[in-house]
Amino acid sequence: MPVAHTLEGPLSVDVLGRQDPELAEILLGELERQSTTLQLIAAENFTSPAVLAALGSPLANKYAEGYPGARHHGGCEIVDVAERIAVERAKALFGADHANVQSHSGSSAVLAAYAALLRPGDTVLAMGLPHGGHLTHGSPANFSGRWFDFVGYGVDPESGLIDHEQVRTLARTHRPKAIVCGSISYPRHIDYAAFREVADEVGAYLIADAAHPIGLVAGGAAPSPVPYADVVCATTHKVLRGPRGGMLLCGSELAERVDRAVFPFTQGGAQMHTIAAKAVAFGEAATPAFTAYAHQVVANARVLAQGLAAEGLAVTTGGTDTHLLTVDPAPLGVDGRTARGRLAAAGMVLDTCALPHPDVRGLRLGTSALTTQGMGEAETARIAVLFATALRDESAGRGVREEVRDLTGRFPPYPAH
Ligand SMILES: *Cc1c(COP(=O)(O)O)cnc(C)c1O
């Protein structure tokens, strides 16, 4: 398609600097923060400049309620192509019959999955929040806990592994309409076949909330929920490295129900700039470079887990299969909250999280972002040492901060070109 316009000049960030220096400074300040500290938040990553370009494009102006070829607004012929490409790429990437790429976030995707399959008051079996369930898995502060009757399964307090016997017992007792598998902090692969078996036994739908591992699935570094789950919900911005957003995958028999659950049931107009950015990210995720990336993310997480264990931290389940791990810093004499503060002062950004032992706040770390920066096992091993150094001794924070600055300087997330 011949286009007369270019995105050079008038649409560059310089425009913001000239018009609104106050906000331009915030954008640059955040870029500086991201570039000079270590992003260990397991849910975060660095999108590519191509993804950012799609997000900052005039597609942001377009209203597009409905689906390609059946919109409530005029002028959708070009953005329709973007959505069709995003859907086709998602289907091919994950081997799914159907993909919906309109969900505004991971939570919106979960809401749509419930809307497609459940009625208010239905019983749902999901991982309990103290064990690693997401807010949308039955928190009383969330629509899920208010509108559905959630029963929580957990992990074994000693091994930290999902207790599949408990899942089966609870399913037999409560006869849920749906079972949800997926977590914000589970470091091991999810055994989707085991969940499918229990769901079949009690006649429940299986919803896989693969918000975290879906990027590893794309890169062939984690098992896929697609052959097992009735509906897969996911984010596009975690390991998958796309724009902030959600998506749903399902078989063709549920396609119409899922689409209607997203629009018009729970959302209005689709965000076409984000959908175009999702298409770009799916394109990137289909490359051999992304497959190598996904495997490197896991290799780095394993090195980080080994390094932290060697430094004396208690690593949940003894390690990881994925991009994330959770640790208890108590053996080093600090609780989770104090630890997060000390690490922040040393330039390492991460979250506290629930641990299998009730009432203990631990730390959750991930390697998605640092791997995107090009760091490998040698750097990750060094990060484990720096991490423990900053935790043990508050006065060591300043020295660690300098080394973090040096490390991130050698692996910039957005190299100047
Ligand atoms: C991140 C996450 C979500 C929610 O994603 P948002 O985009 O923050 O709404 C849902 N479920 C799980 C398991 C997650 O990890």
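Each ligand, and each atom within it, is numbered from 1 in the order the structure gives.
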Nearest non-hydrogen contact with [atom] belongs to which option: [options]?
| atom | options | value |
| --- | --- | --- |
| atom 14 (C) of ligand 1 | K238, H137, M127 | K238 |
| atom 4 (C) of ligand 1 | H237, R244, H134 | H134 |
| atom 9 (O) of ligand 1 | S183, S107, A43 | S107 |

Practice item. Return yes if a side-chain donor-acceptor contact under 3.5 Å exists between N45 and T372, otherwise no. Key: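 On atom types as modelled, these side chains qualify, holding a pair under 3.5 Å.
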Review point. Going by distance alone, is a donor N or O of one side chain under 3.5 Å from an acceptor N or O of the other, for H164 and D191?
Key: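 No.
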**Study point:** Distance filter under 4.0 Å to S105 heavy atoms, resulting ligand 1 atoms
**Key:**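 Taking each heavy atom of S105 in turn, ligand 1 has 7 (O), 9 (O) under 4.0 Å.
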**Study point:** Numbered atoms of ligand 1 (with element) below 4.0 Å of H212, judged on heavy atoms
**Key:**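 Taking each heavy atom of H212 in turn, ligand 1 has 15 (O) under 4.0 Å.
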Check your understanding: Any Lys/Arg nitrogen of R340 or D335 sitting under 4.0 Å from an Asp/Glu carboxylate oxygen of the other?
Key ->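 Salt bridge absent between R340 and D335.
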Review point. Please state which protein non-hydrogen atom is closest to atom 13 (C) of ligand 1 and give its distance, to 0.1 Å?
Key: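 Minimum-distance protein heavy atom for atom 13 (C) of ligand 1 reads D209 OD2, 3.3 Å.
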Check your understanding: Among all protein non-hydrogen atoms, which one is nearest to atom 7 (O) of ligand 1, and what is the separation to 0.1 Å?
Key ->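 Nearest neighbour among protein heavy atoms for atom 7 (O) of ligand 1, to 0.1 Å: G106 N, 2.9 Å.
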Practice item. State the CE-CG distance between M348 and L391, to the nearest 0.5 angstrom. Key: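 Result: 8.5 Å between the selected atoms.
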Check your understanding: For ligand 1, is there an N or O atom under 3.5 Å from any N or O atom of I184?
Key ->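 By distance alone, the answer is no.
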Review point. So, do Y114 and F148 have ring centers that fall under 6.0 Å from each other?
Key: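 Yes, ring centres under 6.0 Å apart.
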Review point. Are the aromatic rings of H174 and F150 close, with centres under 6.0 Å apart?
Key: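 No: the rings miss the under 6.0 Å criterion.
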